[in-house]
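Counting convention: from 1, in listed order, for ligands and their atoms alike. Heavy atoms only: backbone and side chains are in, while hydrogens, waters and symmetry mates are out.
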Amino acid sequence: MKVTFLGTGTSQGVPVIGCSCEVCRSLDFRDKRLRTSIHLEVDELSIIFDSGPDFRQQILRENITQLDALVFTHEHKDHTAGMDDIRSFNFLQKKDMPVYARKNVVEQLKREFAYIFSETKYPGIPSVDIQEIDNSPFFIEKIKLTPIEVVHFKLPVFGFRIKDFTYITDAKTISDKEKEKIKGSKILVINALQIDPHPSHMTLDEAITLAKEINAEKTYFTHLSHKMGTHKKVSALLPENIEIAYDGLKIEI
Ligand SMILES: [Zn+2]
Ligand SMILES: [Zn+2]
Ligand SMILES: [Zn+2]
């Protein structure tokens, strides 16, 4: 199984438009963060989690030419805005794109991309095959995905476990019951927004506490704000088995 971080930035991305802070001015490529998304390659299957506003350039950068499913964690724009660009895969693969999302996310997609779901379709628009999911395991072909419901301010968001890999973005809290599903993961990805408190995302300290509790072989932090500090400075503060992810990082599991 191979994971590629397509984007590791919070909703505004890093650098932030008009900001001249140390992080936004950094020349380190690891401080350039597109909106959060990952690409998972497992047993010949190619799956992407979320299609934010940077979807197109992420696909081009990683030269992804096959996509078997798009899975949504939640309905926020930084995770859905780029869905129109799946039409390239419709043309390449000559079939509808399977899209996995929970009910409230499907409803939001139908509002935001009304033209995709309209009765009379304009030629060339994306074609999707909506697969509604809930908080129970499901399969994409032979691959089992277990949703993990986390809380993002008041919004329920899905993380996912696939074999020994768990991916969670946009979480503030996770119930003990849902944490049980994460335990035993070799690789954990979790959001860590910034140092200061935030109502809807884990801070650096909260993410470290969770990482220690789960104690995966390796934990990666994603969905970072420019307020976190530079990759280099924050990395120096972390225990050995915790790393800050960056755009383009690839891991084998
Ligand atoms: Zn987000
Ligand atoms: Zn900045
Ligand atoms: Zn969000």
> NE2/H198 to CZ/F153 distance, rounded to the nearest 0.5 angstrom?
Replying inline: 10.0 Å
>> If I consider every N, O or S atom in H226, which one ends up closest to the Zn ion (ligand 2)? I only need its name.
In response: ND1
> Can you name the N/O/S atom of D78 that is nearest the Zn ion (ligand 1)?
Replying inline: OD2
> Please state the angle at the Zn ion (ligand 1) spanned by NE2 of H223 and OD2 of D170: what is it, rounded to 10 degrees?
Replying inline: 100°
> Between D50, D78, D54, which is the residue that forms a salt bridge (charged side-chain N to carboxylate O under 4.0 Å, His left out) with R35?
Replying inline: D54
>> I need the NE2(H152)-the Zn ion (ligand 3)-ND1(H76) angle, rounded to 10 degrees.
In response: 90°
> So what does the C19 SG - the Zn ion (ligand 2) - C21 SG angle come to, to 10°?
Replying inline: 110°
> Within the side chain of R25, is there an N or O that forms a donor-acceptor pair under 3.5 Å with the backbone of S20?
Replying inline: yes
> Is H79 close enough that one of its N/O/S atoms sits under 2.8 Å from the Zn ion (ligand 3)?
Replying inline: no
> Strictly under 6.0 Å, is that where the ring centroids of F5 and Y246 end up?
Replying inline: no
>> Could you tell me if the side chain of H74 sits less than 4.5 Å from the side chain of H79, heavy atoms only?
In response: yes
